[in-house]
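One structure is given below, encoded as structure tokens.
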Amino acid sequence: QVQLVESGGGLVQPGGSLSLSCAASGSISIIVAMGWYRQAPGKQRELVAISNRGGGTNYADSVKGRFTISRSDVNNMVYLQMNSLEPEDTGVYYCNLRGYETHSTRPGDYWGRGTQVTVPS
């Protein structure tokens with residue numbers, strides 16, 4: 001009963017910027033963390049950035065200093081501002097939520113379907 005929908009993907013030239021948004025809906029009682037992962041062609045899905053319980057953030061070394069994650073618990077949304085994009089940033093970006101559904105006593109992980117980001121070489 002938790003749904004995540006990403007938006008904002010597209011094609012951007014190297015050095016450009018792009019903003020991604022993710023909206024969560026459904027029977028969410030507590031959000032523990034929200035974040036972004038990506039999967040490049042031929043590679044495993046990897047963490048890009050995460051906003052943890054208590055406000056802390058983690059970034060992949062490859063994006064630190066270029067990407068910024070932000071979160072709105074009131075609106076159940078998470079954002080990713082991507083600057084100085086490189087061809088290596090190309091991939092499908094997935095929104096993730098870890099939290100509790102209203103009927104659950106254990107947290108679960110929920111995923112969006114992804115949005116394509118392409119930075120040509």
Side chain to side chain, C22 and M77, heavy atoms closer than 4.5 Å: no

Indicate the atoms forming the closest heavy-atom contact of P87 with S121, along with that distance. CG-CA, 3.7 Å

Geometric class of the W111/Y94 ring pair [parallel <30°, tilted 30-60°, perpendicular >60°]: perpendicular

Is there a donor-acceptor contact under 3.5 Å from the side chain of T115 to the main chain of G9? yes

Is there a donor-acceptor contact under 3.5 Å linking the side chains of R45 and Y37? no

Could you check L20 against M82 for side chain to side chain contact (heavy atoms under 4.5 Å, CB included), going step by step and ending with a plain yes or no? CA-CA 8 Å; L20 305 182; M82 304 184 292; 3.8 Å; yes

Which ILVMFWY residues are connected to V32, directly or by a chain of links, through side-chain heavy atoms under 4.5 Å apart? I30, Y100

For N58 and N52, run side chain to side chain contact (heavy atoms under 4.5 Å, CB included): C-alpha distance rounded to whole Å, both residues' side-chain angles, the deciding distance at 0.1 Å, then the answer. CA-CA 8 Å; N58 292 324; N52 293 305; 3.1 Å; yes

Taking the side chain as C-beta and beyond, is there a heavy-atom pair between Y59 and I50 under 4.5 Å? no

With side chains defined as the heavy atoms from C-beta onward, is the minimum distance between S25 and N76 less than 4.5 Å? no

Strictly distance-based, threshold 3.5 Å: is any side-chain N or O of N75 a donor or acceptor partner for the main-chain N or O of S72? no

So do the side chains of N96 and Y110 get within less than 4.5 Å of each other, counting heavy atoms only? no

Show the nearest heavy-atom pair for residues A24 and L4, with the distance to one decimal. CB-CD2, 3.3 Å

Taking atom types as modelled, is there a side-chain donor on S27 or E101 under 3.5 Å from an acceptor on the other? yes

Identify the two heavy atoms, one from S21 and one from Y79, that lie closest to each other, and give their separation to 0.1 Å. OG-CD2, 3.4 Å

Are any non-hydrogen side-chain atoms of P120 and L11 less than 4.5 angstrom apart? yes

So which atom in L18 and which in G10 form the shortest heavy-atom distance, rounded to 0.1 Å? CD2-N, 3.8 Å

So if you build clusters from Ile, Leu, Val, Met, Phe, Trp, Tyr with side-chain heavy-atom gaps below 4.5 Å, do V92 and V5 land together? no

Checking salt bridge (Lys or Arg N to Asp or Glu O under 4.0 Å) for the pair R38/E46: CA distance, chi angles, key distance, verdict? CA-CA 6 Å; R38 70 185 180 189; E46 64 176 350; 2.9 Å; yes

Determine whether T68 and L80 make a side-chain contact, defined as any pair of heavy atoms from C-beta on separated by less than 4.5 Å. no

What distance do W36 atom CH2 and S51 atom OG have between them, rounded to the nearest 0.5 Å? 12.5 Å

So, R98 side chain and D109 main chain: donor-acceptor pair closer than 3.5 Å or not? no

Is I28 close to L97 at the side-chain level, that is, under 4.5 Å between some pair of heavy atoms? yes

Of all heavy-atom pairs linking M34 and R71, the shortest is N-NH1, 3.8 Å

Do any N or O atoms from the side chain of E6 and from the backbone of G114 form a donor-acceptor pair under 3.5 angstrom? yes

Is there a side chain to side chain contact (heavy atoms under 4.5 Å, CB included) between L85 and F67? Walk through the geometry before answering. CA-CA 9 Å; L85 284 162; F67 291 9; 3.8 Å; yes

Donor-acceptor pair, side chain of Q81 and main chain of I69, under 3.5 angstrom: no

